[in-house]
2 protein chains.
Amino acid sequence: MGYLRIGQLSARTGINNETLRFYEARGLMSEPRRSEAGYRLYTEADVRKAEFIVRAKKMGFGLKDISELLSLRVEKESSTCGEVKDLAEAKLLEIEQKIEELQRMKGALEQITEACCGGQESAIHCTILNALDQIDDPAEVSARVAVRA
Amino acid sequence: MGYLRIGQLSARTGINNETLRFYEARGLMSEPRRSEAGYRLYTEADVRKAEFIVRAKKMGFGLKDISELLSLRVEKESSTCGEVKDLAEAKLLEIEQKIEELQRMKGALEQITEACCGGQESAIHCTILNALDQIDDPAEVSARVAVRA
DNA sequence: ACAAACCTTATACTTTACTACAGGGTTTAG
DNA sequence: CTAAACCCTGTAGTAAAGTATAAGGTTTGT
Ligand SMILES: [Zn+2]
Ligand SMILES: [Zn+2]
Ligand SMILES: [Zn+2]
Ligand SMILES: [Zn+2]
């Protein structure tokens with residue numbers, strides 16, 4: 001008693017059945033006991049593990065990172081805070097770099113978009129199209145659009 | 001004369017040969033003339049098109065968006081600024097949403113990471129691992145870590 | 001003449017994170 | 001008892017944006 005079948009684990013964690021089996025194949029979820037008919041039987045420890053995965057995903061960790069975190073979690077005594085923090089900081093750096101890249105794009109795109117009238121007439125004079133046609137350096141986009149504005 | 005072969009177009013645009021053929025298959029680059037031996041022969045217009053793609057990519061547009069932009073660019077007279085600006089604004093919104101999502105992740109991850117000592121001792125007390133083990137709502141992460149700190 | 005460098009097509013593989021079958025067996029409610 | 005709901009394995013498909021490889025044909029330089 002007390003065992004959950006895959007559908008129940010799915011309902012409790014919000015992770016799809018298929019995805020749970022996929023996580024098992026990827027080594028994230030450990031292979032559970034089986035009923036006589038071959039059904040997966042999960043314990044409360046499995047529920048916690050699945051919830052750990054959900055939370056780690058929310059933090060921006062990918063499945064590969066989560067595998068590592070799970071190993072550290074399982075071997076808590078033999079693992080060190082340093083190992084865990086290294087992973088977290090690497091992920092933090094990755095996230096920060098993505099943000100910077102997106103902000104660079106946002107800035108450049110805003111520049112050329114603001115100058116476009118957005119009207120119903122022909123796009124021959126469109127600043128967006130012209131910018132994409134002629135300018136290489138995003139810094140130049142700002143300069144040129146600023147002059148025009 | 002004046003034609004470029006794929007390697008030359010590649011060298012001038014920084015787009016890999018394979019990628020150029022891939023863009024052609026995806027309808028981004030139009031099918032060029034062929035030499036008698038079947039070699040692709042590109043014109044200066046193709047160079048400008050390839051450079052347009054490079055710049056649009058830098059702005060964060062995906063290949064599908066770029067297809068649309070290219071159509072608008074080719075039919076500049078019959079296209080409107082409104083159509084172009086709609087595409088740009090949709091992409092801008094997408095980028096802004098990605099930034100927000102990443103900033104949410106960054107904030108939550110920073111909270112739990114700052115409280116971790118990062119030392120060489122056992123990770124049993126690790127705030128990162130504990131946070132991933134116990135807390136669901138990112139708002140709670142901040143609260144709990146704040147109390148501990 | 002012959003190799004190096006270049007080009008061709010078609011097919012398959014890469015990464016990430018799933019999702020969707022097909023073709024079964026099992027459990028449960030009425 | 002039977003249908004619905006659930007579970008199993010295995011395979012294949014999805015999205016995005018390419019990269020790699022095989023097995024050739026062509027061009028260029030010496
Ligand atoms: Zn306009
Ligand atoms: Zn415009
Ligand atoms: Zn510590
Ligand atoms: Zn720690």
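Proteins come first, then strands; the chains are lettered A, B, ... in the order of their sequence lines, and each starts at number 1. These values consider heavy atoms only, across backbone and side chains, with no hydrogens, waters or symmetry-generated copies.
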TODO: Flag the pair A:Arg55 / A:Met59 as yes when at least one side-chain heavy-atom distance between them is below 4.5 Å, and no otherwise.
DONE: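 A side-chain contact under 4.5 Å is absent here.
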Can you tell me how far [atom2] of [N] sits from [atom1] of [X], to the nearest Å?
X       : N      : atom1 : atom2 : result
A:Tyr42 : D:dC7  : OH    : C1'   : 11 Å
B:Leu20 : D:dG18 : CG    : P     : 10 Å
B:Asp65 : D:dA15 : CG    : P     : 15 Å
B:Leu63 : D:dT19 : CG    : P     : 11 Å
B:Ile6  : D:dT27 : CD1   : C1'   : 16 Å
B:Asn16 : D:dT21 : CG    : C1'   : 14 Å

Open item on the list: Side chain of B:Glu18 only, heavy atoms from C-beta on: which candidate in D:dC7, D:dT27, D:dT21 is closest?
Closed with: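 That would be D:dT21.
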Distance check: side-chain N/O of [X] vs OP1/OP2 of [N], anything under 4.0 Å?
X       : N      : result
B:Tyr23 : D:dG18 : yes
A:Asn17 : D:dC6  : no
A:Arg21 : D:dT9  : no
B:Lys57 : D:dG18 : yes

Indicate yes or no: does [X] engage [Y] in a salt bridge with an N to O separation below 4.0 Å.
X       : Y        : answer
A:Lys98 : A:Glu101 : no
B:Glu18 : B:Arg21  : yes
A:Arg73 : B:Asp133 : yes

Open item on the list: Assuming nearest nucleotide by heavy-atom distance, tell me which of A:Arg26 and A:Tyr39 is located more 5' along DNA chain C.
Closed with: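 Its nucleotide being nearer the 5' end, the pick is A:Arg26.
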TODO: Would you give the length of the straight line joining atom CG of A:Leu41 to atom CG of A:Leu4, rounded to the nearest 0.5 angstrom?
DONE: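 Interatomic distance, A:Leu41 CG to A:Leu4 CG, rounded to 0.5 Å: 9.0 Å.
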TODO: Give, for atom CE of B:Met105 and atom CG of A:Leu92, the distance between the pair rounded to the nearest 0.5 Å.
DONE: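 One gets 12.0 Å once the value is rounded to the nearest 0.5 Å.
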Task: All side-chain hydrogen bond (donor to acceptor under 3.5 Å, both in side chains) counterparts of B:Lys76, not counting sequence neighbours - done: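 Result, side-chain hydrogen bond (donor to acceptor under 3.5 Å, both in side chains) vs B:Lys76: A:Asn130.
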Open item on the list: Please identify the 5'-most and 3'-most nucleotides of DNA chain C with any atom under 4.0 angstrom from a heavy atom of chain B.
Closed with: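 So the outermost contacting nucleotides come out as C:dC6 to C:dT9.
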